[in-house]
Amino acid sequence: MVDQEQARKILQERLADNLVIVTEFENPKEWCFDLGLITESGTIMPLMGDTTIRISKETGEVE
């Protein structure tokens, strides 16, 4: 079973340098992370649309 800290590390290893995790939540089967973009001025701008990345609690796979 993958805990939230492990899921966060899995995602952070795959993110581009200008993307960050803005919020985290869970459902019964997945850890969920919403992303934001770091602008050139260093502020964080939410991305438009569905930017939720889901990681399986059972396997650790990005879904």
Side-chain angles (χ1 to χ4, degrees):
M1 201 58 118
V2 176
D3 67 20
Q4 188 173 11
E5 183 66 28
Q6 291 170 319
R8 186 181 310 112
K9 286 180 183 177
I10 290 167
L11 178 57
Q12 287 174 333
E13 289 173 358
R14 297 177 181 213
L15 287 181
D17 291 339
N18 61 343
L19 291 175
V20 293
I21 298 170
V22 178
T23 59
E24 304 175 18
F25 58 97
E26 67 179 300
N27 64 38
K29 294 183 179 183
E30 303 162 318
W31 295 108
C32 304
F33 302 90
D34 287 330
L35 303 179
L37 177 69
I38 300 174
T39 65
E40 289 181 9
S41 65
T43 59
I44 298 174
M45 181 175 74
L47 298 176
M48 302 295 274
D50 183 12
T51 63
T52 303
I53 306 299
R54 301 174 196 300
I55 298 179
S56 168
K57 288 181 177 180
E58 187 174 321
T59 65
E61 292 294 317
V62 177
E63 299 178 351

S.K.: Are side-chain heavy atoms of Val22 and Pro46 found at a separation under 4.5 Å?
M.R.: no
S.K.: What pair of heavy atoms forms the shortest contact from Ser56 to Glu63, and how long is it?
M.R.: CB-OE2, 3.1 Å
S.K.: Thr39: which residues meet the side chain to side chain donor-acceptor pair (under 3.5 Å) condition with it, sequence neighbours left out?
M.R.: Ser41, Thr43
S.K.: Rounded to the nearest 0.5 Å, what separates atom CG in Asn18 from atom CD1 in Ile44?
M.R.: 11.5 Å
S.K.: What pairs with Ile55 under side chain to side chain contact (heavy atoms under 4.5 Å, CB included), at least two apart in sequence or on another chain?
M.R.: Ala7, Ile10, Leu11, Phe33, Val62
S.K.: Glu61: what forms a side chain to side chain donor-acceptor pair (under 3.5 Å) with it, not counting sequence neighbours?
M.R.: none
S.K.: So, using side chain to side chain donor-acceptor pair (under 3.5 Å) as the criterion, who are the partners of Asp50 when residues are at least two apart?
M.R.: Thr52
S.K.: Show me the pairs that pass salt bridge (charged side-chain N to carboxylate O under 4.0 Å, His left out) and involve residues 6-24, at least two apart or across chains.
M.R.: Glu5-Arg8, Arg8-Glu24
S.K.: Specify the closest pair of heavy atoms between Thr23 and Ile21, including all atoms of both residues, with the distance to one decimal.
M.R.: O-CG2, 3.6 Å
S.K.: According to the salt bridge (charged side-chain N to carboxylate O under 4.0 Å, His left out) rule, which pairs have a member within residues 28-48, sequence neighbours left out?
M.R.: none
S.K.: Could you report the tightest heavy-atom contact between Trp31 and Lys57, atom names first, then the distance?
M.R.: NE1-CG, 3.4 Å
S.K.: Measuring from Leu37:CG to Leu19:CG, what's the distance to the nearest 0.5 Å?
M.R.: 6.0 Å
S.K.: Applying the 4.5 Å side-chain criterion to the ILVMFWY set and letting contacts propagate, would Val20 and Met45 be lumped into a single cluster?
M.R.: no
